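Structure record follows, encoded as structure tokens.
Note that the structure is a prediction, hence the values are computed from the model and not measured.
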Amino acid sequence: MTVQTKVGSARAEAAEVLNRLGVPEALWTGGGRPVRSPVSGEVIGDVHDSSPAAVAKAIEAAHEAYLAWRSTPAPRRGELVRLLGEELRAAKADLARLVTLEAGKIVSEANGEVQEMIDICDYATGLSRQLFGLTLATERPEHRMMETWHPLGVVGVISAFNFPVAVWSWNAALALVCGDAVVWKPSEKTPLTALAVQALFERVCAKFGDAPKGLSAVVIGGREVGEAMVDHPKVPLVSATGSTAMGRAVAPRLAARFARALLELGGNNAAIVAPSADLDLTLRGVAFAAMGTAGQRCTTLRRLFVHYSLYDAFLPRLKAAYGSVPVGDPRQAGTLVGPLIDAAAFEGQQRALADARAAGGQVTGGERVHLPGRPEAVYVRPALVEMPQQAEIVRRETFAPILYVMRYSDLAEAIALQNDVPQGLSSSIFTNDIREAELFTSARGSDCGIANVNIGPSGAEIGGAFGGEKETGGGREAGSDSWKAYMRRATNTVNYGRTLPLAQGVEFDV
């Protein structure tokens with residue numbers, strides 16, 4: 001089913017939203033880089049790329065800001081982040097609308113992304129009073145040994161188009177309370193939302209009163225801008241979200257200068273449907289995980305292993321959901337699947353489907369959906385592919401709505417197949433058998449950074465550290481103790497006595 005829509009021009013709406021959010025018109029007009037809305041294919045802005053000199057200037061300014069910000073008490077830093085959360089609450093509807101216009105997300109998902117920003121600000125505000133180290137036992141009398149954590153410096157953030165604002169907030173909220181400054185390179189496909197967030201941040205700094213200038217900056221451009229950030233000696237940490245290929249390019253450059261990399265890369269996420277699964281719950285979980293955001297999430301469900309005893313009962317229901325899901329303008333009420341980001345994403349999907357057919361796959365869906373008057377917008381019906389086995393194409397991530405479905409007979413076999421891919425981001429099992437659930441989340445189960453039971457692999461909350469293993473990069477963002485990535489650790493030993501006993505019984509009298 002395709003949703004027809006009568007909503008207006010994306011270009012006109014984007015201009016209205018940008019003006020309401022306080023983004024200076026000079027920043028999104030008259031530049032050399034056109035920004036297209038996947039909703040309609042229209043050009044909705046023309047931004048200015050940052051020159052290498054401008055990138056260096058932003059980093060130097062951020063470094064100077066860090067030198068002042070690091071001495072600001074952490075709870076005071078938390079107050080800035082609290083104000084940011086309040087500003088995001090006030091601007092939620094407009095910022096979410098811009099996410100829809102620029103990234104193509106349906107209304108509820110765009111609202112959810114901004115809510116994620118608000119949530120991480122709440123989390124980080126509380127964290128600002130909990131940046132703690134340990135007091136350690138020492139073998140030397142009249143000595144105290146402790147672990148302390150200090151601000152790191154300038155944090156570079158490279159984000160992807162599919163979460164154009166949330167990923168920045170995961171990093172920035174924690175970095176700011178930790179005493180760092182932030183320089184952000186958004187995806188060249190979604191720079192307008194970054195300019196909007198920066199405008200909101202500058203408004204917050206004015207309310208805060210004494211935030212150092214340059215504490216947050218946005219630099220815009222392609223690969224060369226990212227390289228300038230990655231190579232700059234005053235950026236001790238780069239958090240980069242994107243493809244595995246991007247991670248392979250970023251990591252060695254950072255390692256060459258002994259800088260830190262926090263990588264959030266590819267995902268080829270799987271779910272296992274066990275014999276005891278609640279099929280109504282499973283159907284909803286699989287449908288959202290596989291088709292939400294038009295299959296353009298790093299946590300999208302891409303592989304589904306269904307027990308042979310359920311396969312013939314479950315697959316017709318899943319196919320019916322695929323055939324009836326509303327595809328159309330994401331601004332329209334009732335739409336569940338919006339557009340792909342661009343034509344290249346559709347071409348990648350079609351190549352993958354051709355490879356799947358060649359490997360024996362039976363394809364349902366995957367065809368382009370044409371909306372009247374929008375020849376340059378790329379809408380597609382999600383594809384479901386029944387595969388005889390986990391062929392090479394299944395092991396490769398395609399960033400588009402394709403779900404490969406396979407039978408299994410033994411749980412150990414299904415877990416082995418799930419783990420037999422280069423990526424290791426997220427995973428799930430649908431089961432009412434506690435033994436299966438516990439095995440899946442044990443050391444002998446999923447090898448992913450996220451392992452869920454009776455929910456899909458997507459929908460992570462900010463309270464848990466987000467990230468994965470293997471070619472996903474090993475990075476962790478948001479909750480848990482991931483704040484430590486944005487700080488440096490020091491071990492301190494204090495001698496409050498009048499003698500100098502040495503550790504390990506060493507004697508050295510002079």
| query | Of all heavy-atom pairs between Ala124 and Leu174, which one has the smallest distance, and what is that distance? | reply | CB-CD2, 4.1 Å
| Those residues that, when tested against Glu471, pass side-chain contact (heavy atoms from CB on, under 4.5 Å) (two or more places apart) | Thr244, Arg248, Pro422
| query | So do the side chains of Glu116 and Phe163 get within less than 4.5 Å of each other, counting heavy atoms only? | reply | yes
| task | Output the distance between atom OG (Ser50) and atom CD1 (Ile220), rounded to the nearest 0.5 Å. | result | 6.0 Å
| query | For the atom pair CG (Leu304) and CD1 (Ile272), what is the distance rounded to the nearest 0.5 Å? | reply | 9.5 Å
| field | Carboxylate-amine/guanidinium contact Asp481 Arg476, below 4.0 Å | value | no
| Gln115-Asn111 side chain donor-acceptor pair, cut-off 3.5 Å | no
| query | Distance-only, no hydrogens or angles: does the Thr293 side chain make a donor-acceptor pair with backbone N or O of Gly295 under 3.5 Å? | reply | no
| field | Arg76 CZ: over 12 foreign heavy atoms closer than 6.0 Å | value | yes
| Minimum heavy-atom distance between Val23 and Ala199, given as atom pair plus value | CG2-CB, 4.1 Å
| Hey, does Cys298 have a side-chain heavy atom less than 4.5 Å from the side chain of Glu264? | no
| message | Trp28: which residues meet the side chain to side chain donor-acceptor pair (under 3.5 Å) condition with it, sequence neighbours left out? | response | none
| Where Ala377 and Pro38 come nearest, the two heavy atoms and their spacing | CB-O, 3.6 Å
| said: Give me each pair satisfying salt bridge (Lys or Arg N to Asp or Glu O under 4.0 Å) with a member in residues 158-187, each pair once, sequence neighbours excluded. | reply: Lys185-Glu188
| task | With rounding to the nearest 0.5 Å, note down the distance linking NZ in Lys105 to CG in Asn162. | result | 6.5 Å
| side-chain contact (heavy atoms from CB on, under 4.5 Å) with Arg97: which residues, sequence neighbours excluded? | Glu13, Val17, Leu101, Val107, Arg331
| note | The side-chain contact (heavy atoms from CB on, under 4.5 Å) partners of Ala290 (sequence neighbours excluded) come to Leu301, Tyr322, Leu403
| Can you name the residues that form a ring pair (Phe, Tyr, Trp, His ring centres under 6.0 Å) with Tyr66, not counting sequence neighbours? | His63
| request: Could you check Thr29 against His48 for side-chain contact (heavy atoms from CB on, under 4.5 Å), going step by step and ending with a plain yes or no? | output: CA-CA 8 Å; Thr29 60; His48 304 262; 5.7 Å; no
| query | Does a side-chain heavy-atom distance below 4.5 Å link Val394 with Val421? | reply | no
| query | Would you find a donor on one side and an acceptor on the other, under 3.5 Å apart, between the side chain of Arg302 and the backbone of Asn269? | reply | no
| message | Can you list everything that forms a side chain to side chain donor-acceptor pair (under 3.5 Å) with Glu397? Sequence neighbours excluded, please. | response | none
| task | Check for a donor-acceptor pair, side chain of Tyr379 on one end and backbone N or O of Val39 on the other, with a separation under 3.5 Å. | result | yes
| task | In plain terms, say whether Arg36 and Asp342 are close enough for a salt bridge, that is, a side-chain N and a carboxylate O under 4.0 Å apart. | result | no
| message | Do Val99 and Val165 make a side-chain contact, defined as non-hydrogen atoms from C-beta onward lying under 4.5 Å apart? | response | yes
| Residue pair Ser9 / Glu42, side-chain donor-acceptor N/O under 3.5 Å | yes
| query | Applying ring-ring contact (aromatic ring centres under 6.0 Å, His included), which residue pairs with at least one partner in residues 69-125 are found, sequence neighbours left out? | reply | Trp69-Phe208
| Are the side chains of Val81 and Ser128 in touch, meaning some heavy atoms are under 4.5 Å apart? | no
| request: Please name the pair of heavy atoms, one in Leu192 and one in Leu98, separated by the smallest distance, quoted to 0.1 Å. | output: O-CD2, 3.8 Å
| task | Give a yes or no on whether a salt bridge exists between Lys470 and Asp447, defined as a side-chain N under 4.0 angstrom from a carboxylate O. | result | yes
| message | Check whether Glu469 reaches the backbone of Gly449 with its side chain - one donor and one acceptor, N or O, closer than 3.5 Å. | response | no
| Is there a donor-acceptor pair under 3.5 Å between the side chain of Arg77 and the backbone N or O of Val177? | yes
| field | Check: Ser446/Gln418 side-chain N/O donor and acceptor closer than 3.5 Å | value | yes
| Do Asn452 and Ile450 touch side chain to side chain, with heavy atoms closer than 4.5 Å? | yes
| field | Ala274 backbone acceptor or donor facing Thr431 side chain under 3.5 Å | value | no
| query | In terms of side-chain geometry, is the basic nitrogen of Arg89 or Glu86 positioned less than 4.0 Å from the acidic oxygen of its partner? | reply | yes
| task | Please lay out, stage by stage, how Gln130 and Trp483 fare under the test side chain to side chain donor-acceptor pair (under 3.5 Å). | result | CA-CA 10 Å; Gln130 301 177 69; Trp483 59 270; over 6 Å; no
| said: Looking at Asp329, is its backbone amide N or carbonyl O close enough to the side chain of Thr335 to form a donor-acceptor pair, meaning the two atoms are under 3.5 Å apart? | reply: yes
| query | Arg70 side chain to His150 main-chain N or O, any donor-acceptor pair under 3.5 Å? | reply | no
| message | According to salt bridge (Lys or Arg N to Asp or Glu O under 4.0 Å), does anything in residues 156-168 pair up with another residue at least two apart or in another chain? List the pairs. | response | none
| task | Decide whether Ser239 and Asn171 meet the rule of one side-chain donor and one side-chain acceptor closer than 3.5 Å. | result | yes
| Gap separating the CG atom of Leu263 from the OG1 atom of Thr472, nearest 0.5 angstrom | 10.5 Å
| request: Carefully, step by step, assess Asp46 and Arg33 under the rule salt bridge (Lys or Arg N to Asp or Glu O under 4.0 Å). | output: CA-CA 5 Å; Asp46 298 280; Arg33 183 177 291 275; over 6 Å; no
| request: Using a strict cut-off of less than 4.0 Å between a Lys/Arg side-chain nitrogen and an Asp/Glu carboxylate oxygen, indicate whether Arg317 and Asp280 qualify as a salt bridge. | output: yes
| Would you call Asn454 and Phe430 a side-chain contact if the rule is heavy atoms closer than 4.5 Å? | yes
| said: Considering only residues two or more places apart or on different chains, which pairs with a residue in residues 181-200 satisfy ring-ring contact (aromatic ring centres under 6.0 Å, His included)? | reply: Trp168-Trp184
| Under 3.5 Å side-chain donor-acceptor pair for Thr398 and Gln349 | no
| request: Give a yes or no answer on whether the side chain of Arg11 reaches the backbone of Val43 with a donor-acceptor pair at less than 3.5 Å. | output: yes
| query | Where do Ala478 and Ile120 come nearest, in terms of heavy atoms and distance? | reply | CA-CD1, 4.1 Å
| request: For Ser480, enumerate each residue passing the side-chain contact (heavy atoms from CB on, under 4.5 Å) test, keeping only those at least two apart in sequence or located in another chain. | output: Ala465
| remark: Between Arg297 and Phe288 the two heavy atoms that sit nearest each other are NH2-O, 3.3 Å
| message | Tell me whether the count of non-hydrogen atoms from other residues, nucleotides or ligands lying under 6.0 Å of CD in Glu224 goes above 12. | response | yes
| task | Kindly indicate whether the side chain of Gln296, heavy atoms from C-beta on, has any atom under 4.5 Å from the side chain of Leu340. | result | yes
| query | Looking at residues at least two apart in the chain, or sitting in another chain, which of them share a side chain to side chain donor-acceptor pair (under 3.5 Å) with Arg223? | reply | Glu227
